[in-house]
*Asks:* 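Once you've had a glance at the structure underneath, I'll fire off some questions.
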Amino acid sequence: MPRTRSALPATGPVRLGPDSRAALRPAAAGIDTGFWQARRASNAHVSIPQGPALLEAAGNLHNLRLAAGTAAGEFQGAYPFVDTDVYKWLEAAAWQLAQAPGEGQAPGEDQAPGEDQAPGEDHAPGEDQAPDGDLAPDGDLAPDGDLAAEVGRIVALVAGAQQPDGYLNTWFQLVKGGERYKDLRWGHELYCAGHLIQAAVAHHRATGSGELLDVALKFADHIDSVFGPPGSGKPIDGIDGHPEVETALVELYRETGERRYLELAAYFVDRYGHGLLGGEAYCQDRVPLREATNVEGHAVRQLYLLAAAADLATETGDAELRTAAERLWHAMTTTKTHLTGGLGAHHEEEDFGDPYELPNERAYCETCAAIASVQWSWRMALLTGEARYSDLIERTLYNGFLAGVSLDGERWLYVNPLQVRDGHTDPGGDQSARRTRWFRCACCPPNVMRLLASLEHYLASGDDNGLQIHQYVSGRYASDLAVIRSETDYPWHGTIALTVEETPAEPWTLSLRIPQWCREFRARCGQETYEGPVADGWLRLERTWSPGDQVVLELSLEPRLTAADPRVDAVRGCVAIERGPLVYCLEGVDHPGGGLDDIVVDTTRPLAVKHRPDLLGGVTTVVAAGSRRHLPDAGWWPYAPVDDSPDSPQQDGECVELTAVPYYAWANREDGSMRVWLPTS
């Protein structure tokens with residue numbers, strides 16, 4: 001039967017092997033209008049085209065020329081893993097080149113940045129940033145041929161820097177005199193190799209070119225010749241301080257069919273937790289993953305390792321690894337995940353922290369951790385078929401992840417706090433709570449680029465019985481059985497209209513995820529109506545379909561107040577505002593006449609919804625009632641006996657109207673205070 005799949009993007013970041021044990025397979029999808037098309041257009045027209053100039057200014061490309069012997073000078077950059085910024089940009093550009101016509105094209109008028117947005121040039125670069133000034137392009141996306149030419153140019157730089165035996169790391173080649181694998185805890189040689197491999201797989205899948213894949217294969221073969229368990233005859237029994245190469249090796253196995261890459265990934269995963277790096281939780285070496293009971297240590301490292309565990313369980317059927325991944329995902333979501341989907345409680349060591357240790361102003365919630373969470377949860381969704389993993393993906397995408405890039409696509413957040421206090425003194429650099437042009441450690445910006453450029457591959461899946469829609473967008477979804485057209489203004493409105501375009505004559509099942517946050521829904525299909533609840537998060541519609549059949553799903557988007565588990569000390573006595581998949585926040589710019597630290601929300605008054613096409617590129621705001629506490633002069637000591645009298649400061653205050661905006665859009669206007677969790681007294 002003819003398909004329109006040829007018009008949809010090529011295979012994405014996860015392509016299951018022929019013997020995969022996954023419950024679901026990734027399905028093709030395309031996004032052509034609406035919320036995510038606007039964000040992807042900004043990525044395609046602004047963020048990705050700026051990449052080469054920013055990498056040039058920061059010295060990443062210069063280092064490749066030095067390693068190839070085609071330039072003179074000194075190594076530039078503060079870290080041994082700066083090559084990864086190049087590789088992540090290459091992966092993003094490759095996925096962009098794979099887009100179908102119309103994907104990621106110029107945004108419509110309702111997608112342009114609003115007049116309330118601060119222009120990127122108004123933000124001076126911090127000392128940890130790459131130079132700004134003339135680096136910023138004009139915001140227009142170069143023709144695909146020009147992007148392809150830039151990719152080809154940089155791929156050639158990478159290939160030229162590789163040593164004859166396959167090794168490639170400009171820091172060790174240039175700064176350490178060719179010394180290899182002597183500092184696995186901090187050197188990140190395998191971490192760099194992992195991002196190179198993922199870029200190469202993306203480039204091969206998107207363009208058919210084997211140029212970068214040849215570089216990756218030579219490096220992978222070199223690693224395989226060096227690393228192995230005791231008794232293998234290989235010289236090094238070791239692991240990298242930053243897991244990442246493991247998922248890349250699994251995907252290289254999927255791309256080539258070469259099983260030794262899968263076996264090498266399994267070896268690395270199982271050697272964590274055995275003291276090879278000193279036994280520290282920071283680099284996932286305190287306890288073997290199979291025995292772990294909660295996530296710990298550096299959040300991104302933990303999540304990349306767990307994504308690899310899910311990949312291995314999928315490809316090998318390792319039941320113990322699957323059980324461990326399920327156990328740790330549950331522990332993470334119940335005890336260590338912020339409302340935004342953000343992960344990481346500590347600035348110190350970018351660490352998860354203890355159970356229920358979820359601070360607000362000191363929340364780390366690195367943008368890369370949100371991306372790693374999406375990658376891991378998607379693998380778990382495919383492996384198990386369970387909707388809860390895609391529930392977390394949705395929450396993370398719309399909040400913890402999307403906050404990491406400005407609406408104009410030019411500025412970034414490395415950390416994503418849930419509160420910025422009145423009078424905040426910003427440290428600048430990589431830990432700034434202000435959007436930044438680039439970073440000394442620039443891991444997050446190109447990571448955002450690659451996820452946005454490949455986003456359509458995280459939306460839908462298929463199995464032998466049908467098509468599952470995990471995330472709602474305007475566009476098309478296509479499995480091996482059917483093609484569905486979707487029209488929606490989600491997340492601003494809760495109606496999703498799905499039309500069957502292609503279908504076999506035999507019955508099959510269309511499965512629609514009903515989000516965990518959704519209180520009420522209704523689905524109409526012909527003369528039939530379906531209403532909640534659903535037991536496992538999936539509304540399954542099985543029938544013999546015909547082209548033109550339509551399903552209309554209506555998700556209630558009533559705004560709601562949310563409270564945290566009482567063990568989360570940081571937000572006890574507070575509530576947050578949510579609507580649909582969006583977490584909301586207050587910004588000081590919307591509340592003149594005082595800061596946010598003395599705001600109290602009135603939970604007895606109803607919430608109202610107001611769409612603001614003039615604000616932040618067009619957003620739906622939530623309006624709440626509140627007050628400003630009248631705080632007495634406490635003298636020189638800010639503590640006093642508890643006063644329960646009716647005229648205490650907590651009971652009396654000036655009434656104010658509170659305007660809450662989507663958290664993803666904060667810090668796009670003037671710098672100032674912000675908070676997600678609002679005191680109730």
Side-chain angles (χ1 to χ4, degrees), residues 4-15 26 28-32 36-56 60-61 64 84-107 137-159 195-217 248 251-252 254-255 371 375 405 409 445-459 473 475-476 478:
T4 59
R5 283 193 65 170
S6 60
L8 294 175
T11 303
V14 177
R15 183 173 71 188
I31 306 170
D32 52 27
W36 283 111
Q37 190 273 343
R39 302 276 59 81
R40 282 158 56 82
S42 177
N43 190 52
H45 287 253
V46 180
S47 301
I48 291 175
Q50 290 178 352
L54 291 165
L55 293 168
E56 197 72 73
N60 306 66
L61 302 183
L64 291 169
T84 59
D85 301 338
V86 177
Y87 303 149
K88 282 182 278 191
W89 182 86
L90 281 172
E91 183 181 348
W95 295 130
Q96 189 60 45
L97 289 174
Q99 299 304 315
E103 274 277 292
Q105 297 305 303
D138 60 11
D140 292 331
L141 177 64
D144 282 351
D146 291 348
L147 181 60
E150 280 290 83
V151 169
R153 178 177 72 88
I154 295 175
V155 166
L157 290 179
V158 173
H195 279 299
L196 170 60
I197 291 168
Q198 288 178 324
V201 169
H203 188 243
H204 187 245
R205 289 176 181 172
T207 70
S209 170
E211 185 179 1
L212 190 58
L213 186 63
D214 288 343
V215 175
L217 287 169
E251 211 58 43
L252 192 61
R254 290 165 170 164
E255 190 70 1
I371 294 166
Q375 293 172 343
V405 57
N447 221 3
V448 171
M449 295 178 202
R450 69 178 182 137
L451 181 54
L452 280 173
S454 62
L455 184 63
E456 70 273 16
H457 301 292
Y458 295 87
L459 305 180
V473 299
R476 282 185 172 84

*Asks:* Run the side-chain hydrogen bond (donor to acceptor under 3.5 Å, both in side chains) test against Gln375 and tell me which residues pass, sequence neighbours left out.
*Replies:* none

*Asks:* Side chains of Val151 and His203: does their closest heavy-atom pair fall under 4.5 Å?
*Replies:* yes

*Asks:* Would Glu150 and Arg153 pass as an ion pair if we require N to O under 4.0 Å?
*Replies:* yes

*Asks:* Rounded to the nearest 0.5 Å, what separates atom CG in Leu451 from atom CD1 in Ile371?
*Replies:* 5.5 Å

*Asks:* Counting C-beta onward and ignoring hydrogens, is there a side-chain heavy-atom pair between Tyr458 and Pro26 closer than 4.5 Å?
*Replies:* no

*Asks:* At their closest point, which heavy atom of Asp32 faces which heavy atom of Gln37, and how far apart are they?
*Replies:* O-CG, 3.5 Å

*Asks:* For Ala200, enumerate each residue passing the side-chain contact (heavy atoms from CB on, under 4.5 Å) test, keeping only those at least two apart in sequence or located in another chain.
*Replies:* Leu212, Leu213, Ala216

*Asks:* Among Val155, Ile197, Val158, which one satisfies side chain to side chain contact (heavy atoms under 4.5 Å, CB included) with Val215?
*Replies:* Val158

*Asks:* Using side-chain heavy atoms (C-beta onward) and a distance below 4.5 Å, is Trp89 in contact with Met449?
*Replies:* yes

*Asks:* Any heavy-atom pair between the side chains of Trp36 and Leu452 that's under 4.5 Å?
*Replies:* yes

*Asks:* Thr11 vs His457, test: side chain to side chain contact (heavy atoms under 4.5 Å, CB included). Steps then yes/no.
*Replies:* CA-CA 8 Å; Thr11 303; His457 301 292; 5.9 Å; no

*Asks:* Is Leu252 close to Leu217 at the side-chain level, that is, under 4.5 Å between some pair of heavy atoms?
*Replies:* yes

*Asks:* Any side-chain heavy-atom pair from His204 and Ser209 closer than 4.5 angstrom?
*Replies:* no

*Asks:* For the residue pair Gln198 and Ala248, what are the closest heavy atoms and their distance?
*Replies:* CG-CB, 3.7 Å

*Asks:* Strictly below 4.0 Å, N to O, side chains only: are Arg15 and Glu251 in salt-bridge contact?
*Replies:* no

*Asks:* Got Pro52 and Ile154 here, is their nearest side-chain heavy-atom distance under 4.5 Å?
*Replies:* yes

*Asks:* Mind checking the CG-CG spacing from Asp85 to Leu55? Nearest 0.5 Å is all I need.
*Replies:* 6.5 Å

*Asks:* Could you measure the distance from the NZ atom of Lys88 to the NE2 atom of His195? Nearest 0.5 Å is fine.
*Replies:* 4.5 Å

*Asks:* For the atom pair CG (Leu90) and OG1 (Thr84), what is the distance rounded to the nearest 0.5 Å?
*Replies:* 11.5 Å

*Asks:* Taking side-chain contact (heavy atoms from CB on, under 4.5 Å) as the definition, give me every residue that meets it alongside Ala453, ordered by chain and number, with sequence neighbours left out.
*Replies:* Asn43, Ile48, Trp95, Gln96

*Asks:* Identify the two heavy atoms, one from Leu61 and one from Glu56, that lie closest to each other, and give their separation to 0.1 Å.
*Replies:* CD1-OE1, 3.6 Å

